Amino acid sequence: MKKIPTTIITGFLGAGKTTLVRHLLEHSNNQRLALIINEFGELGIDGELLQTCNEKNCHGQSIIELTNGCICCTVAEEFTPAIETILNQNPQPDHIVIETSGLALPQPLVRAFNWPEIKSQVTVDGVVVVVDGPALSNGQFASDLKAIKQQRANDEELNHETPLAELFEDQLACGDLIILNKTDQLTSDTTTQLIQQLDHATREGVRVLKATMGAIEPSVLLGLDMATENDLLVRQEIHHTHHDESVHQVHDHDEFESWVVELPSFTHLEHLKQVIKKAIVDFNILRVKGFSAINGIPRQLVLQAVGPRIDCYYDRPFRPDEEFSTKLVFISEAGVDKIKLSRQLNESATQCTL
């Protein structure tokens, strides 16, 4: 049974999480998305905003709003029933998106994906951390600290009084993708400095992207295939335990693009991995996915690469009328020299050094 991938979007109040989710909904094409929105208080601002979207992927039945407090503190009472409700939908969604409250630690929520009742049905595709660029440039983590203080006071279920600086570090420690938002309000130099700052604060292979109004392509956000719940040792909270049990790259472009590169067959699997890893580093590639042909093996190799991680498995046999070759989709920020990349890939494919 294929697990339903789930993306967790975290970040402080006002960072732009809801705007990011709405942009995702409006550009997700034919994907069926289900949302869990962790807004709480008397007015469910986030849920209301998302349900006013006219896109077919925003219909109310696919949106579950949790209003009883920070999701990482009510994970047993709120999260499991919400997931069960989504799993009972017919048809089931292609992807689940969870927008946490601004005070939430992502680690307890990720741990919940290992609970027996849901582990066999859902997996964490990735944790996306949205960062308020102007706030961070001022040495803060949110633009309205008074609102965050009120948010703490309103949440009777909150059982961690984490200082904002420590909570920010814990969010970054768990992140698979960092979005520096509102960069239209920053100078180019400040944006570059902040991206470098975030880059040094995250694990190897975690990308830092800049955005305006949360405008990140769904092909970049979804399909990371991290299975984050199986990799918790490197994502533990830095400062405390919650009461409920490649080389970094700097990116300077707003737009994303994808294109197909056709290559010959490869000598063997390690040859292919070597070529892809070098291309990712040399050209700041975000993701690679597609099919490859390996000499001596009659089956297609399915490949997906995110950062320094490359996952592969052999799929169906090549058909008699099908070319024994490689077709890969590359996803990057705009500005990559595609001709130079294609030339490097073709030369490397025919020159095995292993």
Side-chain angles (χ1 to χ4, degrees), residues 126 176-180 188 191-192 195-196 198-200 202-211 216-226 246-316 318 322-354:
D176 295 301
L177 181 66
I178 313 299
I179 306 299
L180 180 65
S188 177
T191 298
T192 299
I195 291 177
Q196 291 174 342
L198 292 168
D199 187 63
H200 290 303
T202 52
R203 304 183 316 280
E204 182 179 356
V206 174
R207 299 300 179 101
V208 181
L209 302 177
K210 72 175 187 175
I216 299 291
E217 291 293 325
S219 61
V220 175
L221 286 177
L222 306 184
L224 297 180
D225 196 27
M226 287 295 181
S246 152
V247 179
H248 296 311
Q249 303 293 340
V250 176
H251 303 278
D252 289 315
H253 307 284
D254 288 316
E255 301 300 324
F256 300 89
E257 54 189 352
S258 64
W259 69 98
V260 176
V261 176
E262 297 191 16
L263 300 168
S265 62
F266 282 78
T267 306
H268 47 70
L269 178 56
E270 289 306 314
H271 177 206
L272 170 63
K273 287 184 176 180
Q274 181 189 66
V275 170
I276 297 303
K277 285 181 179 179
K278 179 172 173 52
I280 288 172
V281 172
D282 291 349
F283 293 89
N284 292 341
I285 302 299
L286 297 175
R287 292 174 60 190
V288 183
K289 55 185 179 181
F291 303 92
S292 181
I294 305 297
N295 292 345
I297 298 177
R299 307 179 74 88
Q300 280 190 338
L301 180 80
V302 178
L303 176 145
Q304 172 160 261
V306 180
R309 169 181 162 180
I310 299 178
D311 294 321
C312 305
Y313 65 90
Y314 289 103
D315 193 29
R316 64 170 178 81
F318 281 92
E322 194 172 18
E323 186 177 356
F324 191 72
S325 62
T326 298
K327 292 184 179 180
L328 299 174
V329 177
F330 285 76
I331 301 175
S332 74
E333 292 184 280
V336 168
D337 188 336
K338 301 183 186 65
I339 296 176
K340 184 177 180 181
L341 171 60
S342 180
R343 184 185 305 119
Q344 175 175 308
L345 288 168
N346 276 280
E347 291 176 354
S348 300
T350 57
Q351 299 175 3
C352 179
T353 59
L354 294 177

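Model, not experiment: these values are computed from the prediction.
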Please give me the minimum heavy-atom distance between [X] and [Y], naming the atom from each residue.
X	Y	value
A349	H271	O-CE1, 3.0 Å
D176	L224	CB-CD1, 4.3 Å
I285	A279	CG1-O, 3.7 Å
A293	T326	N-OG1, 3.2 Å

Taking the side chain as every heavy atom from C-beta outward, state whether [X] and [Y] have any pair of such atoms under 4.5 Å apart.
X	Y	result
L272	S292	yes
P264	N346	yes
R316	E322	yes
F291	V302	yes
L269	I297	no
L286	L209	yes
N284	V336	no

Verify side chain to side chain contact (heavy atoms under 4.5 Å, CB included) between I276 and L328, making sure each step is shown before the conclusion.
-> CA-CA 10 Å; I276 297 303; L328 299 174; 3.6 Å; yes
Decide side chain to side chain contact (heavy atoms under 4.5 Å, CB included) for Q344 and V275; before the verdict, give the C-alpha distance in whole Å, the side-chain angles of both, and the deciding distance to 0.1 Å.
-> CA-CA 9 Å; Q344 175 175 308; V275 170; over 6 Å; no
Distance-only, no hydrogens or angles: does the R299 side chain make a donor-acceptor pair with backbone N or O of D315 under 3.5 Å?
->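 Judged by distance alone, yes, a pair lies under 3.5 Å.
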D199 side chain to I195 main-chain N or O, any donor-acceptor pair under 3.5 Å?
->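 No, because the side chain of D199 does not come within donor-acceptor range (under 3.5 Å) of the backbone of I195.
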To the nearest 0.5 angstrom, please state how far the [atom1] atom of [X] sits from the [atom2] atom of [Y].
X	Y	atom1	atom2	result
L263	E347	CG	CD	11.5 Å
E270	I294	CD	CD1	10.0 Å
D311	D225	CG	CG	6.0 Å
L345	K340	CG	NZ	12.5 Å
Q300	S325	CD	OG	9.0 Å

Can E217 and R287 be counted as an ion pair, charged N to O under 4.0 angstrom?
->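 Judged by the 4.0 Å cut-off on N to carboxylate O distance, E217 and R287 do not form a salt bridge.
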Got a sec: does the NZ of K338 have more than 12 other heavy atoms crowding it under 6.0 Å?
->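 More than 12 within 6.0 Å, yes.
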Take S332 and F283 through the test side chain to side chain contact (heavy atoms under 4.5 Å, CB included) and record every step on the way to the result.
-> CA-CA 9 Å; S332 74; F283 293 89; over 6 Å; no
Given I331 and K289, is the side chain to side chain contact (heavy atoms under 4.5 Å, CB included) satisfied, shown in steps?
-> CA-CA 9 Å; I331 301 175; K289 55 185 179 181; 4.2 Å; yes
